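The structure appears right after this line, and notes come after that.
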Amino acid sequence: MTLFQADNIAINFGGIKAVDGVSFAINKGEVFTIIGPNGAGKTTVFNLISRIYNPTEGRLIFEGRDITSVPPHQIAGMGIARTFQNIELFEHATVLQNLLLGRHAHRGTKPWWEMVFAPHVRKSELAHREKAEHVIDFLDLQHYRDTLIVNLPYGARKVVELARALCSEPKLLLLDEPSSGLNTEETEDMAWWIQDIKNELGITVLMVEHDMSLVNEVSDRVLALNYGRVLAQGTPSEVQSHPEVVKAYLGG
Ligand code: ATP
């Protein structure tokens, strides 16, 4: 069953076709990974799905609904969450406070700071805290729960960003280079988290990633881009042995 579909999407930046007629469909429950050389258009695809950019052509379909014109602030509430290549957290807030901000999509009209900083939380807000605590347990972040982000090692920040995205209870999770800046051991941990997110939480994952061992370990299907166009699509081994992908990206 298809959860998300990009149908012939395209966008230009000052004459450069950053994404040029890209189509793909993501099945519910799979890890779908986009690979390709620098400048291939991978992050731009993410920014189109997050609705940060408007496509000049094409349609985005999520759960059978056309979301091409949905404004960015409504995307999380619909069930799409993301992490960023450069971590975007509130550095002078604690891990728990950052995760409560991740609950923002479920907050209705109350201001977010009321939930995060109010000393006496209302009963209705306890549910948000419970959800955040559950995510803290799921990703083994108990040790860092009350630590300010600014005092965390880089690898832990990456996991907190993942946690914050999970707090919005997404159906589709977009991970932009989850292994960037991580050492080998942290990358292995990240592979475990991604597999647990898929298998235990049943969340569908769309990932952009350069580390091919991580790609192979967690991906069900892979899409290779180059110059904004699709080079190949298929299982990780099919895509990696595709002559065009070898020539443009993997070398050899
Ligand atoms: P990387 O692996 O380096 O992150 P990428 O595959 O994510 O690369 P994009 O960042 O999507 O590539 O960039 C695709 C092309 O679009 C590049 O030529 C880039 O310079 C250009 N581009 C991306 N965003 C913008 C923008 N906001 N304004 C102008 N050009 C842009």
Side-chain angles (χ1 to χ4, degrees), residues 4-26 31-60 62 67-73 75 80-89 154-155 157-158 161-162 165 172-184 186-187 190-191 194 205-219 221-234 236 239-240 242-252:
F4 174 83
Q5 202 181 329
D7 183 13
N8 203 28
I9 52 171
I11 186 167
N12 301 330
F13 295 115
I16 297 172
K17 288 186 169 175
V19 174
D20 186 11
V22 169
S23 297
F24 59 91
I26 304 172
V31 175
F32 188 97
T33 303
I34 304 178
I35 63 168
N38 292 337
K42 306 180 296 295
T43 298
T44 305
V45 168
F46 264 36
N47 289 336
L48 287 167
I49 298 173
S50 318
R51 307 293 310 107
I52 294 169
Y53 298 151
N54 282 319
T56 43
E57 276 173 54
R59 291 189 317 153
L60 304 163
F62 179 62
I67 61 161
T68 321
S69 304
V70 170
H73 66 271
I75 284 292
I80 300 177
R82 74 175 286 182
T83 64
F84 293 84
Q85 220 173 89
N86 304 309
I87 299 172
E88 293 194 11
L89 293 167
Y154 184 83
R157 292 184 197 202
K158 291 281 275 198
E161 224 208 358
L162 192 56
L172 178 64
L173 177 63
L174 311 183
L175 304 178
D176 198 353
E177 297 196 24
S179 85
S180 76
L182 299 184
N183 63 33
T184 310
E186 290 166 336
T187 302
M190 186 56 78
I194 294 168
V205 177
L206 170 61
M207 173 171 96
V208 164
E209 183 53 58
H210 281 290
D211 183 322
M212 290 311 292
S213 61
L214 177 62
V215 172
N216 283 327
E217 204 172 335
V218 306
S219 312
R221 289 188 305 136
V222 174
L223 172 87
L225 288 182
N226 196 25
Y227 295 115
R229 300 185 137 235
V230 175
L231 276 186
Q233 232 185 119
V239 171
Q240 278 177 84
H242 192 286
E244 293 288 319
V245 178
V246 173
K247 195 168 132 201
Y249 183 48
L250 300 172

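Keep in mind it's a predicted model, so treat the numbers as computed, not measured. Every number for a ligand or one of its atoms is a count from 1 in the order of the listing.
- In this structure, the side chains of Ile9 and Thr68 stay at 4.5 Å or more apart for every pair of heavy atoms.
- When atom types are taken as modelled, the side chain of Glu57 and the backbone of Asn8 share no donor-acceptor pair closer than 3.5 angstrom.
- Contact check for Phe62 versus Val70: no side-chain heavy atoms found under the 4.5 Å cut-off.
- Looking at Lys42, its side chain does come within 3.5 Å of a backbone N or O of Gly36 through a donor-acceptor pair.
- Remark: side-chain polar atoms of Asn12 are not paired, donor with acceptor, to backbone N or O of Gly15 under 3.5 angstrom.
- The minimum heavy-atom distance between Val22 and Gly228, with the atom names listed, is CG2-O, 3.2 Å.
- Short contacts between ligand 1 and Pro37, defined as distances under 4.0 Å to a heavy atom of the residue, involve ligand atoms 6 (O).
- Summary of contacts: the protein heavy atom closest to atom 11 (O) of ligand 1 is Thr44 OG1, 2.5 Å.
- At least one heavy atom of Gly41 lies less than 4.0 angstrom from ligand 1.
- Shown here, atom 15 (C) of ligand 1 is in close reach of the protein: a heavy atom of it lies under 4.0 Å off.
- Which parts of ligand 1 touch His210 is read off a 4.0 Å heavy-atom cut-off, strictly below it: atoms 2 (O).
- Interface atoms of ligand 1 facing Ala40, defined by a heavy-atom separation under 4.0 Å, are 5 (P), 6 (O), 12 (O).
- Remark: ligand 1 and Gly39 share an N or O pair separated by less than 3.5 Å (distance only, no angle test).
- Taking atom 4 (O) of ligand 1 as the reference point, the nearest protein heavy-atom neighbour is Gln85 NE2, 3.4 Å.
- Side-chain contact between His210 and Tyr249: present, with at least one pair of heavy atoms (C-beta onward) separated by less than 4.5 Å.
- None of Leu172, Leu206, Val222 except one satisfies the side chain to side chain contact (heavy atoms under 4.5 Å, CB included) rule with Phe32; the exception is Leu206.
- Residue Thr187 comes nearest to Ser179 through the heavy atom pair CG2-CB, 3.8 Å, listed as atom of the first residue, atom of the second, then distance.
- Which parts of ligand 1 touch Asn38 is read off a 4.0 Å heavy-atom cut-off, strictly below it: atoms 1 (P), 2 (O), 3 (O), 8 (O).
- Considering backbone and side-chain N/O atoms, Ala18 never comes within less than 3.5 Å of an N/O atom of ligand 1.
- Looking from atom 10 (O) of ligand 1 to the surrounding protein, the closest heavy atom is Thr43 CB, 3.9 Å.
- Atom CZ of Arg229 is surrounded by 12 or fewer heavy atoms from other residues, nucleotides or ligands within 6.0 Å.
- Nearest protein heavy-atom contact of atom 21 (C) of ligand 1 is Phe13 CD1, 4.1 Å.
- Within the structure, ligand 1 lacks Gly228 among the residues with a heavy atom less than 4.0 angstrom away.
- Contact annotation: Tyr53 has at least one heavy atom less than 4.0 Å from an atom of ligand 1.
- Here the protein heavy atom with the shortest distance to atom 6 (O) of ligand 1 is Lys42 NZ, 2.7 Å.
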